[in-house]
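Below is one structure, written out as structure tokens, with a few remarks after it.
In each ligand, atom 1 is the first atom listed, and ligand 1 is the first ligand listed. Bear in mind that the values here come from a model prediction, so they are computed numbers and not experimental data.
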Amino acid sequence: LSGTVVTGSGTGVLGDSKTFKTFSTADGYYLYDATRGKGVYTYDGRNQTRIPGTLWLDADNRFGASYDRAAVDAHTYAAWTYDYFRNVHNRNSYDNAGAELVSTVHYGRSYNNAGWTGSQMIYGDGDGYNFRAFSGSLDVVAHELTHAVTDFSADLIYQNESGAINESMSDIFGTLTEYHFNNNPDWLMGEDIYTPGTPGDALRSMADPTLAGDPDHYSKRYIGTQDNGGVHINSGIGNKMAYLLANGGTHYGVKVNGIGNTKVGKIMYRTLTQYLTPTSNYSHFRASAIRAATDLYGASSAEVAAVKQAFSAVGVY
Ligand SMILES: Cc1cccc(C(=O)O)c1OC(=O)C1CC1
Ligand SMILES: [Ca+2]
Ligand SMILES: [Zn+2]
């Protein structure tokens, strides 16, 4: 593509205005951000399931049509998530070598899913009742991109306990990214795109996983075969741990002293990228987080003590 970097403007899934980098060519304006790594590219799936589809092209660099909204948010939030990992954790895209960030929106028909395919992100439009277009939620986009970071670091196998930790890491960094940009932040997942007709609910709550029927203690873990051995269920154990570690609280009689989002981010990032392995279970997650906190703050630090408290509070030793 030959052209120049320019700034486009448009409307997101929630009707909010935003600007983002586009690429001006003789054909028009592409959703290609040439300013981040090897580029952020957003494609139109045209409600088919062939990926990546066609690179998004617009005639006037103004993305105001309703069909444009999912693309505006996928493009903008991928850039924001790139910035979070770059500026906060000094990681240049998911492979730490500037890998292209590729998203396809309008994937499938009324598709109630989002995902990381192993090489790109895909976002369904949702059916309009259970879900809105999935790229409309920053925590969802950061969740999907964190799967890529995980694949290129710990590479946690996506089943059973390692899969639950994989999922929890995506929820943790989805939420930390949402707080980093102060984007109506909370410890809920997908609240912006879940059940448009019901305000205040979410796909999951990290503060109280039991609201979605997920465990908030290791003794309550799911041990069946559904959901790849409960990867979106037992993620509640890691999610509750992270919530307590950041905010503090007493859970099943165990007191945790909160250390704040920034330190949780540093500890979890180092845990994910330096210590966890494909077969890590929750017990190894505890040991790894203690090592990461020790590296960062010292063995006798309040942060290390808080990590031990947080894992103990959710029954992981
Ligand atoms: C909606 C959905 C379905 C299946 C897998 C995922 C997945 O990416 O694990 C998924 O996305 C999420 O969980 C995001 C956080 C809301
Ligand atoms: Ca959220
Ligand atoms: Zn996930």
Side-chain angles (χ1 to χ4, degrees), residues 12-14 49 70 73-74 77-78 80-81 84 94 103-105 107-108 110-152 154-196 199-209 211-214 226-236 238-239 242-243 246-247 261 264-265 272:
V13 170
L14 302 185
T49 54
D73 280 345
Y77 292 156
W80 290 15
T81 306
Y84 170 75
Y94 55 82
S103 303
T104 297
V105 296
Y107 176 87
S110 302
Y111 188 58
N112 279 329
N113 274 353
W116 170 257
T117 68
S119 51
Q120 66 159 92
M121 291 161 280
I122 57 171
Y123 298 101
D125 291 330
D127 59 21
Y129 301 101
N130 295 296
F131 293 98
R132 277 199 187 93
F134 279 76
S135 59
S137 196
L138 174 56
D139 57 1
V140 171
V141 171
H143 174 109
E144 301 313 342
L145 254 177
T146 301
H147 278 308
V149 173
T150 296
D151 289 356
F152 279 79
D155 197 13
L156 288 153
I157 294 166
Y158 202 63
Q159 68 175 10
N160 304 329
E161 290 194 21
S162 54
I165 299 163
N166 183 318
E167 267 301 305
S168 182
M169 283 291 186
S170 276
D171 284 354
I172 289 166
F173 287 107
T175 289
L176 292 178
T177 301
E178 194 174 273
Y179 270 97
H180 180 72
F181 291 99
N182 196 30
N183 186 261
N184 297 315
D186 50 42
W187 287 82
L188 299 170
M189 286 305 299
E191 67 281 351
D192 294 337
I193 50 98
Y194 188 63
T195 59
D201 64 349
L203 203 52
R204 294 185 283 278
S205 167
M206 301 177 75
D208 185 4
L211 292 176
D214 299 332
Q226 289 173 27
D227 184 31
N228 297 109
V231 301
H232 294 95
I233 299 169
N234 293 329
S235 54
N239 288 353
Y243 169 78
N247 300 287
N261 288 14
V264 170
L272 181 65

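The line from OH of Tyr107 to OG of Ser135 is 15.0 Å long, rounded to the nearest 0.5 Å. If you take CD1 on Ile193 and CG on Asn130, they are separated by 10.5 Å, rounding to the nearest 0.5 Å. Note: Asp201 CG to Leu211 CG = 10.5 Å, rounded to the nearest 0.5 Å. Atoms NE2 and OG1, on His143 and Thr175 in that order, are 10.0 Å from each other to the nearest 0.5 Å. For the atom pair CG of Asp73 and CG of Leu14, the computed distance is 6.5 Å after rounding to the nearest 0.5 Å. Taken to the nearest 0.5 Å, the CD1 atom of Ile233 stands 6.0 Å off from the CD atom of Gln226.
Of the possible donor and acceptor atoms, none in the side chain of Ser168 sits under 3.5 Å from a partner among the backbone N and O of Ala164. Of the possible donor and acceptor atoms, none in the side chain of Ser137 sits under 3.5 Å from a partner among the backbone N and O of Phe134. With hydrogens and angles disregarded, a donor-acceptor distance shorter than 3.5 Å links the side chain of Asp227 to the backbone of His232.
Ligand 1 has Tyr158 within reach: a non-hydrogen atom of the residue lies less than 4.0 Å from it. For Gly190, the heavy-atom gap to ligand 1 stays at 4.0 angstrom or more.
Closest protein heavy atom to atom 3 (C) of ligand 1: Asn113 OD1, 3.2 Å. The protein heavy-atom contact nearest to atom 10 (C) of ligand 1 is Ala114 O, 3.7 Å.
Between Arg204 and Asp171 there is a salt bridge, since at least one side-chain N of the basic residue sits less than 4.0 Å from a carboxylate O of the acidic one.
Among the atoms of Asp171, no N, O or S atom falls under 2.8 Å of the Zn ion (ligand 3). Counting backbone and side-chain atoms alike, Asp192 contributes no N/O/S atom closer than 3.0 Å to the Ca ion (ligand 2). The nearest N, O or S atom of Leu188 is closer to the Ca ion (ligand 2) than 3.0 Å. Residue His232 does not count as close to the Zn ion (ligand 3), with no N, O or S atom under 2.8 Å.
Shown in contact with Glu144 at under 4.0 Å from a heavy atom are these atoms of ligand 1, numbered in order with element: 7 (C), 8 (O), 11 (O), 12 (C), 14 (C). Of all atoms in ligand 1, listed by their number and element, those nearer than 4.0 Å to a heavy atom of His232 are 5 (C), 6 (C), 7 (C), 9 (O). Interface of Leu203 with ligand 1, defined as ligand atoms under 4.0 Å from a residue heavy atom, comprises 16 (C). Within ligand 1, the atoms closer than 4.0 Å to a non-hydrogen atom of Val140 are 16 (C), numbered from 1 in the order shown. If you number the atoms of ligand 1 from 1 as listed, the ones under 4.0 Å from a heavy atom of Phe134 come out as 1 (C). In the vicinity of Glu167, heavy-atom distances shorter than 4.0 Å reach the ligand 1 atoms 7 (C), 9 (O).
When each of Tyr158, Phe152, Phe173 is tested with His147 by the rule ring pair (Phe, Tyr, Trp, His ring centres under 6.0 Å), just one qualifies, namely Tyr158.
Using the six-membered ring where Trp is involved, Trp116 and Tyr94 have ring planes that are perpendicular, over 60° apart on the 30 and 60° scheme.
Rounded to 10°, the angle formed at the Ca ion (ligand 2) by OE1 of Glu191 and OE2 of Glu178 is 140°. Taking the Zn ion (ligand 3) as the corner point, the angle from His147 atom NE2 to His143 atom NE2 is about 100° (rounded to 10 degrees). Rounding to 10 degrees gives 160° for the angle at the Ca ion (ligand 2) between OD1 of Asp186 and OD2 of Asp139.
Take the N/O/S atoms of Glu167: the one nearest the Zn ion (ligand 3) is OE2.
Here atom 13 (O) of ligand 1 lies nearest to Arg204 when heavy atoms of Arg204, His147, Met189 are compared.
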